[in-house]
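Have a look at the structure below, then the notes.
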Amino acid sequence: MAPKTIGSIMVEDLAENPQMVPWAKQAHEYHVNHDLATCLYCANVISPERRQALTDAFDDSFSHFVTEVRTAAHHALQSLEAVNIVRNNVPKAAELSAEFEPPYKAAAKKLDAAFEDINLLVAEALRALNARLASPTAAISVELPPVQEIQERFMGLERAGEELNEICEQHSDLVDNFVQHQRRARDAIRRHFAIESSQAFKNHVDVIASAHEAERVAREHIHELESELADLRSKIRQHGPAAEKINALVASYLGHNELSVVAVGEGYELHRHGSLVKGEPSEGEKTAIAICYFLSSLEAEDRKLKDLIVVVDDPVSSLDTKAMNYACSLIRNRLSGASQVIVLTHNHHCMNELKKAWKGASRGDQPAATLKFIDVRIPSDTGLRTSTIVRLPNHLRDYDSEYHFLFEKVITFSAAGDIHYDYTFMMPNVLRRVLEIFLAFKTPRDGNISDKLGTLCKRNSDLDPSRLNALERLSQIESHSDNLDDLISQSAMTIEESQAACAALLDLMRTVDPHHLADMRKHCAP
């Protein structure tokens with residue numbers, strides 16, 4: 001269609017201007033259909049001869065030819081689009097099973113090359129047809145190979161497609177019969193490993209059989225040992241007798257026998273007046289029972305006291321003075337034959353009770369006892385609170401009251417001034433305790449610190465009430481404390497306030513009782 005000439009049927013001026021043919025044909029048909037004798041474009045009269053010449057030029061054969069060219073161009077465009085759709089939807093090799101990937105990649109590459117080749121042919125034909133539609137009367141040159149070669153190239157595309165389809169069919173067969181294929185593969189793997197590992201399997205079976213037999217023998221042996229262990233425990237258990245020992249200690253400890261421990265089964269029950277205790281015992285009763293049970297169970301199961309290292313942690317919690325003294329005495333006497341005894345306590349009275357018994361034994365070249373103290377401080381080089389086990393300070397060793405120990409901290413803090421003092425963090429509590437003790441023997445009556453300070457001001461005109469503001473501040477901030485454990489807590493007072501309170505305290509003691517202050521400075525020198 002592209003090189004076909006139709007100039008013989010065209011009027012001369014249209015033949016010389018082929019690109020105007022579509023426009024002239026459409027205009028001629030409009031003028032005829034509307035019976036117009038004058039040209040709408042140039043306003044010239046259209047002669048009958050000119051009208052007839054145009055009618056002859058645009059007869060049915062020309063229209064048929066243009067329709068065929070348009071149809072062919074449309075078909076070429078559809079073919080080109082179809083080729084590209086198929087080309088873009090060829091499955092990826094990764095979508096196939098692994099064994100098909102290498103041949104499929106090669107076939108897909110071959111098919112893509114054939115598609116590219118055919119695309120060039122169809123695109124060239126479409127170009128020529130579109131050019132002929134633009135100039136129906138002009139012949140268009142077409143750069144296409146001979147028809148036979150085109151047919152061979154299309155056959156190459158067909159063969160490439162068949163080759164790719166054959167691989168896809170093989171893959172589809174595999175997918176359709178995947179269960180059977182998988183079963184055959186598994187059977188092959190099993191046969192391979194069964195043959196290869198048959199001897200090792202037999203050896204493992206023999207080993208398992210031997211292990212089962214060894215387990216059976218071991219279980220029988222364990223059963224025999226457990227029976228023997230039960231017999232030995234029944235012989236050495238002091239379950240029932242231990243209850244009697246505990247009750248004797250508890251009665252002596254508490255001063256009455258209304259509370260008793262009763263042996264039942266593998267343990268004990270707590271009875272009051274012969275009946276099971278309802279609710280919880282008091283904290284003192286709990287402590288008493290715990291200590292007595294602990295002491296009675298030390299030699300259970302054939303243990304020897306002389307072989308034991310015994311650690312007793314804070315044994316006097318929630319006990320009154322009488323019970324505390326008895327508990328300390330009980331611990332000392334009952335544990336005197338142990339290899340080593342370690343007692344830990346936060347209670348100052350408990351420490352004094354144990355110190356009385358062991359202070360003498362801690363002296364000499366080969367002491368049988370040691371008295372230790374946890375010293376808490378904040379060194380200037382680290383700024384971190386540090387605990388160290390040290391020798392019990394002399395003022396705690398030599399006096400039953402902590403007054404001398406605390407006063408030594410007061411005068412050292414006063415002398416430090418602006419220099420860093422490792423115990424600054426606990427000084428508000430220390431100052432409060434020293435002030436309380438001093439006021440207790442200077443104004444031996446009930447009342448708070450403020451009231452007692454007021455009493456001293458009335459008795460001593462030399463006291464400046466304004467100087468005691470620091471002590472008033474101390475009494476308002478610091479809570480009441482009565483044991484050494486409170487000395488490790490951080491105070492809300494600043495260092496400057498603590499120094500002012502310290503100076504006010506020493507000034508109060510100097511004014512009210514200068515001899516006492518002088519003696520304390522002498523006996524409590526750091």
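These numbers were taken from a predicted model, which means no experiment stands behind them.
- There is no side-chain donor-acceptor pair under 3.5 Å between Asn165 and Glu169.
- Within 6.0 Å of CG in Asp446 there are 12 or fewer heavy atoms belonging to other residues, nucleotides or ligands.
- Scanning all heavy atoms of the two residues, the minimum distance from Arg332 to Leu354 falls at CG-CD2, 3.8 Å.
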Between Arg391 and Thr370, does a side chain to side chain donor-acceptor pair (under 3.5 Å) hold up when you go through it step by step?
CA-CA 8 Å; Arg391 245 181 112 259; Thr370 57; over 6 Å; no

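- Judged by distance alone, the side chains of Arg445 and Thr455 do bring a donor and an acceptor atom under 3.5 Å apart.
- Panel note: side chain Asn352, backbone Asp400; a donor-acceptor pair is recorded below 3.5 Å.
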In sequence, state the C-alpha distance, the side-chain angles, and the governing distance for Glu402 and Lys409, and then conclude on salt bridge (charged side-chain N to carboxylate O under 4.0 Å, His left out).
CA-CA 11 Å; Glu402 74 267 32; Lys409 293 289 187 287; over 6 Å; no

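- Looking at His171, its side chain does come within 3.5 Å of a backbone N or O of Ser97 through a donor-acceptor pair.
- For Asn89 (side chain) and Ile85 (main-chain N/O), a donor-acceptor pair under 3.5 Å exists by modelled atom type.
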Taking it one step at a time, do Arg433 and Glu436 satisfy salt bridge (charged side-chain N to carboxylate O under 4.0 Å, His left out)?
CA-CA 5 Å; Arg433 291 290 293 133; Glu436 285 178 336; 3.1 Å; yes

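- The shortest distance between side-chain heavy atoms of His212 and Ile208 falls below 4.5 Å.
- Enclosure of atom NZ in Lys105 is not indicated, since only 12 or fewer non-hydrogen atoms of other residues, nucleotides or ligands lie within 6.0 angstrom.
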Checking Asp314 against Thr345 for the side chain to side chain donor-acceptor pair (under 3.5 Å) test, could you report, in this order, the C-alpha distance in whole Å, the side-chain angles of both residues, the deciding distance, and whether it holds?
CA-CA 4 Å; Asp314 232 354; Thr345 183; 3.2 Å; yes

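- With contacts defined as side-chain heavy-atom distances shorter than 4.5 Å, the pair Lys355/Glu353 does not qualify.
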Can you list the steps and then say if Tyr423 with Val376 is a side chain to side chain contact (heavy atoms under 4.5 Å, CB included)?
CA-CA 8 Å; Tyr423 302 96; Val376 183; over 6 Å; no

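- No more than 12 heavy atoms of other residues, nucleotides or ligands lie within 6.0 Å of CD1 in Ile495, so this atom counts as exposed by the packing criterion.
- When atom types are taken as modelled, the side chain of Asn448 and the backbone of Ser450 share a donor-acceptor pair closer than 3.5 angstrom.
- Heavy-atom neighbours of Ile389 CD1 from other residues, nucleotides or ligands within 6.0 Å: at or below the threshold of 12.
- Checked against the 6.0 Å centroid threshold, Phe405 and Phe373 count as a close aromatic pair.
- One finds a salt bridge joining Asp187 and Arg190 here, because a Lys/Arg side-chain nitrogen approaches an Asp/Glu carboxylate oxygen to under 4.0 Å.
- Shown here is Ile342, whose CD1 atom has more than 12 heavy atoms of other residues, nucleotides or ligands within 6.0 Å.
- Tyr293 is linked by a ring pair (Phe, Tyr, Trp, His ring centres under 6.0 Å) to Tyr268, counting only residues two or more places apart in sequence or in another chain.
- Under a 3.5 Å cut-off, the side chain of Lys245 and the backbone N or O of Cys292 do not form any donor-acceptor pair.
- Not a single donor-acceptor pair under 3.5 Å links the side chain of Glu220 to the backbone N or O of Val217.
- The backbone N or O of Leu298 lies less than 3.5 Å from a partner atom in the side chain of Arg303, making a donor-acceptor pair.
- Applying the side chain to side chain donor-acceptor pair (under 3.5 Å) test to pairs two or more places apart or on separate chains, those with a residue in residues 511-526 are Tyr403-His516, Lys442-Asp513.
- In plain terms, the two heavy atoms of Arg385 and Phe425 that are nearest each other are NH2-CD1, 3.6 Å.
- Between the side chain of Ser282 and the backbone N or O of Glu285 there is at least one donor-acceptor pair closer than 3.5 Å.
- The shortest heavy-atom contact between Leu344 and Pro315 is O-CD, 3.9 Å.
- Looking at heavy atoms from C-beta onward, Arg87 lies in side-chain contact with Glu116 at the 4.5 angstrom threshold.
- Judged purely by atom type and a 3.5 angstrom limit, Asp451 has no side-chain atom pairing as donor or acceptor with the backbone of Gly447.
- With sequence neighbours excluded, the residues that form a salt bridge (charged side-chain N to carboxylate O under 4.0 Å, His left out) with Glu213 are Arg216.
- Considering only residues two or more places apart in sequence or on other chains, Glu163 meets the salt bridge (charged side-chain N to carboxylate O under 4.0 Å, His left out) condition with Lys110.
- Taking a 6.0 Å sphere around CZ of Arg219, one finds it holds 12 or fewer heavy atoms contributed by other residues, nucleotides or ligands.
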I would like to know whether Leu456 and Leu508 meet side chain to side chain contact (heavy atoms under 4.5 Å, CB included); could you show each step before the answer?
CA-CA 9 Å; Leu456 292 181; Leu508 171 70; 4.0 Å; yes

Mind running side chain to side chain contact (heavy atoms under 4.5 Å, CB included) on Leu471 and Ile449 for me, showing each step along the way?
CA-CA 9 Å; Leu471 296 179; Ile449 291 179; 5.8 Å; no

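- Environment of NZ in Lys286: crowded, with over 12 heavy atoms of neighbouring residues, nucleotides or ligands closer than 6.0 Å.
- In the displayed structure, Asn333 atom CG is contacted under 6.0 Å by more than 12 heavy atoms of other residues, nucleotides or ligands.
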Test side chain to side chain donor-acceptor pair (under 3.5 Å) on Asn119 and Asn84; report intermediate values, then the result.
CA-CA 8 Å; Asn119 262 351; Asn84 286 327; 3.0 Å; yes

Would you be so kind as to tabulate the donor-acceptor pairs closer than 3.5 Å made by side chains of residues 411-421, with sequence neighbours excluded?
{"unit_1": "Thr412", "atom_1": "OG1", "unit_2": "Glu408", "atom_2": "O", "d": "2.7"}
{"unit_1": "Thr412", "atom_1": "OG1", "unit_2": "Glu408", "atom_2": "OE2", "d": "3.1"}
{"unit_1": "His420", "atom_1": "NE2", "unit_2": "Ile378", "atom_2": "O", "d": "2.8"}
{"unit_1": "His420", "atom_1": "NE2", "unit_2": "Ser380", "atom_2": "N", "d": "3.3"}
{"unit_1": "His420", "atom_1": "NE2", "unit_2": "Asp422", "atom_2": "OD1", "d": "3.2"}

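- Annotation for Leu506 and Leu517: closest pair O-CD2, 3.8 Å, computed over non-hydrogen atoms.
- Residues Val311 and Phe294 share a closest heavy-atom pair of O-CZ, 4.3 Å.
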What do the steps show when you test Asp375 against Ser387 for side chain to side chain contact (heavy atoms under 4.5 Å, CB included), and what is the final call?
CA-CA 6 Å; Asp375 181 59; Ser387 299; over 6 Å; no

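- The backbone N or O of Leu439 lies less than 3.5 Å from a partner atom in the side chain of Thr443, making a donor-acceptor pair.
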Side chain to side chain donor-acceptor pair (under 3.5 Å) between Arg397 and Ser362, intermediate numbers included
CA-CA 11 Å; Arg397 176 189 295 267; Ser362 66; 3.3 Å; yes

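- Residues Ser498 and Leu431 approach most closely at O-CD1, 3.6 Å, considering heavy atoms.
- Salt-bridge formation is detected for the pair Asp206/Lys202: a Lys NZ or Arg NE/NH1/NH2 atom is positioned less than 4.0 Å from an Asp or Glu carboxylate oxygen.
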Determine, step by step, whether Asp507 and Arg510 satisfy the salt bridge (charged side-chain N to carboxylate O under 4.0 Å, His left out) criterion, reporting the C-alpha distance in whole Å, the side-chain angles of both residues, the deciding distance to 0.1 Å, and the verdict.
CA-CA 5 Å; Asp507 184 64; Arg510 184 182 305 105; 3.5 Å; yes

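- Residues satisfying the ring pair (Phe, Tyr, Trp, His ring centres under 6.0 Å) criterion with Tyr399, sequence neighbours excluded, are His404.
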